[in-house]
Structure formats: structure tokens, C-alpha cells
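Reading through the C-alpha cells given below for one structure.
Since the structure is predicted, the reported quantities are computational estimates derived from the model, not experimental observations.
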Amino acid sequence: MANFAIMGFGTVGSGVAEVLRMNADSIAAKLGEPLKLKYILDVRDLSATPYAGVAVKDFSVLENDPDLDVVVESIGGAKVALDFTRRALMAGKHVVTSNKELVASHGKELLSIAREKNVNYLFEASVGGGIPVLRPLFQCLAGNQIEEIVGILNGTTNYILTRMVKGGIPFDEALKEAQAKGYAEQNPAADVEGLDAGRKICILSDLAWGKEVLPEKISVQGISGLDLKDVAIASEAGYRVKLLGRALRLADGRQAAYVAPHLVSGDCPIAPVDDVFNAIMIRGNAVGDVMFYGRGAGDLPTASAVMGDVIDALQHRTRRRELGWSESADLAGLEELVMPWYLRGDFAAPVDCRVLSGGAVMTKPMTAGEAKALAEKLGAMVILPVLQ
């Protein structure tokens with residue numbers, strides 16, 4: 001019998017309990033022993049729920065139970081969750097989380113504690129929700145040198161952009177619709193300003209190259225300033241506007257990571273990915289391009305990934321998963337990256353640019369610094385990177 005606990009019984013935590021209820025027999029078969037939910041730690045009163053018998057409010061109950069194997073952290077944020085995660089790892093418990101903020105900002109420290117205590121700290125659900133991408137990155141693709149990772153990492157912004165393209169409605173209206181459907185929070189800043197995608201691309205970069213990339217060190221631009229006119233011009237030219245997180249390993253050994261709305265060529269596999277779906281492309285020097293696609297959020301999809309980590313942690317009790325990243329990455333700035341750029345404004349098109357409709361052009365490949373200098377010279381109102 002293996003025992004686990006859930007800290008935080010909101011959307012993800014309750015989803016984990018539901019996955020166990022639905023699939024207890026098959027989980028036990030895969031694990032080789034029954035899996036028991038021993039505790040649920042939450043500040044709310046759960047006495048009127050089916051989980052009243054396992055509800056506790058004191059973290060020390062979990063911390064001091066020698067028979068508790070795994071703790072699922074679904075509290076969120078990086079305050080209480082950080083304290084409880086540290087203490088759980090120090091007490092010799094495996095910890096599984098979907099908390100992207102915690103992993104992106106404190107993953108190096110927490111993985112170091114896990115290594116010291118010979119336990120697992122796993123976080124598959126922190127990047128793609130129910131999409132399995134982290135384990136394939138560090139396990140299935142381990143024979144590759146990873147060259148680039150790019151993806152739609154936030155379902156809320158992808159839904160908004162889909163409605164702008166297919167519904168022809170402006171950003172503010174699309175956002176209100178997303179909030180009404182429960183896709184966006186009442187304070188949607190983490191999604192629409194790119195913060196959520198920024199944390200996820202940092203985690204992917206950390207795992208791909210083994211060096212820490214902190215969210216505050218990368219350039220992050222969201223979609224709140226997008227004009228419906230640019231979405232329409234892009235569509236007419238055979239492109240889709242997508243908010244992408246992108247990480248690259250440069251020829252000189254440095255890394256780069258950023259988040260920004262891009263024009264994406266219709267030939268690119270992520271261009272037709274719409275609504276709340278996510279898609280992550282990874283390029284390896286042996287495998288070439290592979291793509292992971294699915295729902296990036298939601299109670300049961302995310303809980304599916306969490307439960308996978310619970311099983312993995314228990315299967316690696318004696319020989320832990322070797323995960324971790326070391327010193328800070330040597331980061332190149334966005335200004336150094338070479339790609340085509342979309343510019344729009346009231347100007348005469350330069351001779352070496354592709355002319356689009358609506359006073360817009362697409363430049364030849366150039367650095368972001370060169371593109372910004374050209375935009376300033378021309379008086380362009382809009383400048384966006386282009387993914388071919």
C-alpha cells in the first residue's frame with residue numbers, strides 16, 4: 001500500500017482525487033500495489049464532502065507521518081507552497097506539483113533538496129497540463145542535442161486569438177468571452193501579458209539544457225496590445241497570429257528565451273492549433289521536429305499528468321529521477337536573434353521587404369535590434385516577429 005496526500009483542494013487537487021476514484025484499479029495494476037489518498041490539506045471545511053475523513057488543516061500531520069510516501073502540491077503560488085514543499089522534501093517525501101510559478105522560480109533549489117534527500121520532485125503538469133512533454137524531453141529525447149523549443153503554451157490567449165481571427169472580434173470582446181466561459185480569470189494579466197507562458201518556457205529551457213533561466217531574465221510580451229487589423233492582415237497573407245514561448249540554443253553555446261506574439265506561417269504545424277489547445281514543438285539534432293498537442297489546462301487533464309508523476313515517483317523510490325539544473329544560463333537578448341519581422345505603418349515599403357496589405361511589410365531576416373531601428377526610421381506603429 002502506497003500513501004499520498006493532496007495539499008490544496010481546488011481545481012487540480014480535486015481533479016487528482018477524482019482520477020484516483022475513477023481509475024484506482026488500473027493505477028494499482030500499473031503501480032503493483034494499491035494507492036491510498038491518506039490526507040487532504042486545505043483551509044476550507046470539507047466535512048460535508050466525501051473526503052471529510054481524510055481532511056486535515058495542519059501541515060505537520062503530513063510532515064511527521066513516516067508512512068506518507070508522496071505529497072501532491074496544488075496550492076499554487078510561491079509562498080505557502082514553497083514553504084510546505086521545502087519541508088515535505090526535507091522530511092523525505094516525494095513531491096509532485098503542477099505549480100509553474102514555483103518550479104520556474106525555485107525549481108533549482110527544490111531539486112537540490114530532493115537530490116540531497118534522495119526523493120523525487122516531479123512537475124510534468126506545470127507546463128502542458130495534461131500534455132506529456134517534460135518526461136519525453138528529458139527521457140525519450142535524451143539522445144538528442146535539443147536545438148529549439150517553440151510552442152503555444154497558454155490556452156486562454158490561444159482562445160482569444162482564435163476568436164479574433166475566426167470571429168473577427170476585437171481583443172477586449174474576446175477576453176470578456178473567455179472570462180464568461182471560465183477560460184480567463186477576472187484578473188487575466190498572467191495569461192494575456194505572457195507571464196504564464198514565460199514561466200513555462202523557462203521550465204522547458206531549464207530541462208533542455210540543464211541551466212537555470214529565471215522568468216524575470218527573459219523578454220515577455222503579451223497580446224493585450226494586438227490590433228484586430230494586424231490579425232486580419234496576417235490571415236490574408238497566409239499567416240496566423242499566435243502567442244509563442246520560444247527557447248533556442250545558439251551556435252556560440254549561449255541560450256535565448258522569450259515570449260511574444262508572432263506571425264506564424266500557415267505551413268507550420270502549430271499554425272492551425274486553435275481554441276484552448278496547446279502545442280509544443282521540440283527540435284532535436286537527431287529526431288528533427290516533434291510536436292506535442294492537447295489541452296493545456298483543466299481539472300482532469302492536469303490531474304492526469306499529476307497522477308502520472310505520483311506513479312513515477314513511487315516507481316523510483318530507491319533510485320530517484322535524476323533531474324536538475326545548475327548555474328544560470330548565459331542568455332542572449334532578443335535583440336540578437338535573426339528572423340523576419342512584420343511592420344505596419346504609414347510609410348513607403350523598403351525595396352527588400354515583402355509588401356502585405358494594409359500598409360504592412362515583412363522584412364528579410366534580421367536581428368530584433370535591426371528591425372527596431374528600421375521600424376523607428378520608417379515610423380512603423382507595429383512590430384512583430386515572424387516564425388516561418
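- Interatomic distance, Leu41 CG to Glu73 CD, rounded to the nearest 0.5 Å: 10.5 Å.
- A side-chain N or O of Ser224 and one of Glu193 form a donor-acceptor pair less than 3.5 Å apart.
- A perpendicular orientation is assigned to the rings of Trp325 and Phe123, their planes being inclined by more than 60° (bins at 30° and 60°).
- Glu18 places no side-chain N or O within donor-acceptor distance of the main-chain N or O of Leu20, the cut-off being under 3.5 Å.
- Interatomic distance, NE2 of His94 versus CG of Asp312, reported as 10.5 Å (0.5 Å rounding).
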**OP:** Output, in order, the C-alpha distance, side-chain angles, deciding distance and verdict of salt bridge (Lys or Arg N to Asp or Glu O under 4.0 Å) for Glu63 and Arg87.
**Re:** CA-CA 7 Å; Glu63 187 177 25; Arg87 289 168 59 185; 2.7 Å; yes
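- In the displayed structure, Glu322 atom CD is contacted under 6.0 Å by more than 12 heavy atoms of other residues, nucleotides or ligands.
- Taking hydrophobic clusters as Ile, Leu, Val, Met, Phe, Trp and Tyr residues chained together by side-chain heavy-atom distances below 4.5 Å, Leu263 does not share a cluster with Leu334.
- Side-chain contact between Phe292 and Ile282 is present, with heavy atoms from C-beta onward closer than 4.5 Å.
- Between the side chain of Asn120 and the main chain of Arg320, no donor-acceptor pair closer than 3.5 Å is present.
- Between the side chains of Tyr39 and Asp65, at least one donor N or O sits under 3.5 Å from an acceptor N or O.
- Around atom NZ of Lys108, more than 12 heavy atoms belonging to other residues, nucleotides or ligands sit under 6.0 Å away.
- Residues Asp227 and Lys229 are not paired through a salt bridge, judged by the lack of any N-O separation under 4.0 Å between the basic side chain and the carboxylate.
- Residues passing the side chain to side chain donor-acceptor pair (under 3.5 Å) test with Asp252, sequence neighbours excluded: Arg254.
- Under a 3.5 Å cut-off, the side chain of Lys38 and the backbone N or O of Ala5 do not form any donor-acceptor pair.
- We find the CH2-CZ distance between Trp209 and Arg249 to be 8.5 Å, quoted to the nearest 0.5 Å.
- Put simply, the side chain of Asn285 gets close to the backbone of Gln145: a donor and an acceptor are under 3.5 Å apart.
- One side chain, Glu177 or Tyr159, offers a donor N or O that lies under 3.5 Å from an acceptor on the other.
- Judged by distance alone, the side chains of Asn154 and Thr157 do bring a donor and an acceptor atom under 3.5 Å apart.
- Side chain of Ser105 to backbone of Leu102: no donor-acceptor contact under 3.5 angstrom is found.
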Original post:
Hey, mind stepping through Tyr342 and Tyr239 against ring pair (Phe, Tyr, Trp, His ring centres under 6.0 Å) and telling me if it holds?
Top reply: CA-CA 11 Å; Tyr342 168 90; Tyr239 289 77; 9.0 Å; no
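- Open room surrounds CD on Glu185; 12 or fewer heavy atoms of other groups in view lie less than 6.0 Å from it.
- A distance of 8.5 Å separates CD of Gln255 from CG of Asp330, quoted to the nearest 0.5 Å.
- Membership of the apolar cluster around Ile270 extends to Val150, Ile152, Leu244, Val264, Val273, Phe277, Met281, Met291, Tyr293, Leu387, as traced through chained side-chain contacts below 4.5 Å between ILVMFWY residues.
- Proximity of a side-chain donor or acceptor of Thr367 to a complementary backbone N or O of Glu370 within less than 3.5 Å is detected.
- The main-chain N or O of Leu134 is found under 3.5 Å from a side-chain atom of Glu124 such that the two form a donor-acceptor pair.
- The cluster map of Ile, Leu, Val, Met, Phe, Trp and Tyr, joined by side-chain heavy atoms under 4.5 Å apart, puts Ile169 and Tyr183 in different clusters.
- A donor-acceptor pair is defined here as one N or O able to donate and one able to accept, closer than 3.5 Å; no such pair exists between the side chain of Asp275 and the backbone of Asn158.
- The distance from atom CD1 of Ile146 to atom CD of Glu148, rounded to the nearest 0.5 Å, is 11.0 Å.
- Taken from SG in Cys353 to CG in Leu378, the straight-line distance is 7.5 Å, to the nearest 0.5 Å.
- With a 6.0 Å radius and a threshold of 12 heavy atoms from other residues, nucleotides or ligands, Lys57 has its NZ atom above the threshold.
- Heavy-atom contacts from other residues, nucleotides or ligands closer than 6.0 Å to CG of Asp346 number 12 or fewer.
- Ser304 places no side-chain N or O within 3.5 Å of a backbone atom of Gly130 that could act as its donor or acceptor partner.
- Remark: side-chain polar atoms of Arg86 are not paired, donor with acceptor, to backbone N or O of Glu109 under 3.5 angstrom.
- Under a hydrophobic clustering in which Ile, Leu, Val, Met, Phe, Trp and Tyr are joined whenever their side-chain heavy atoms come within less than 4.5 Å, directly or via other members, Leu250 and Ile218 fall into different clusters.
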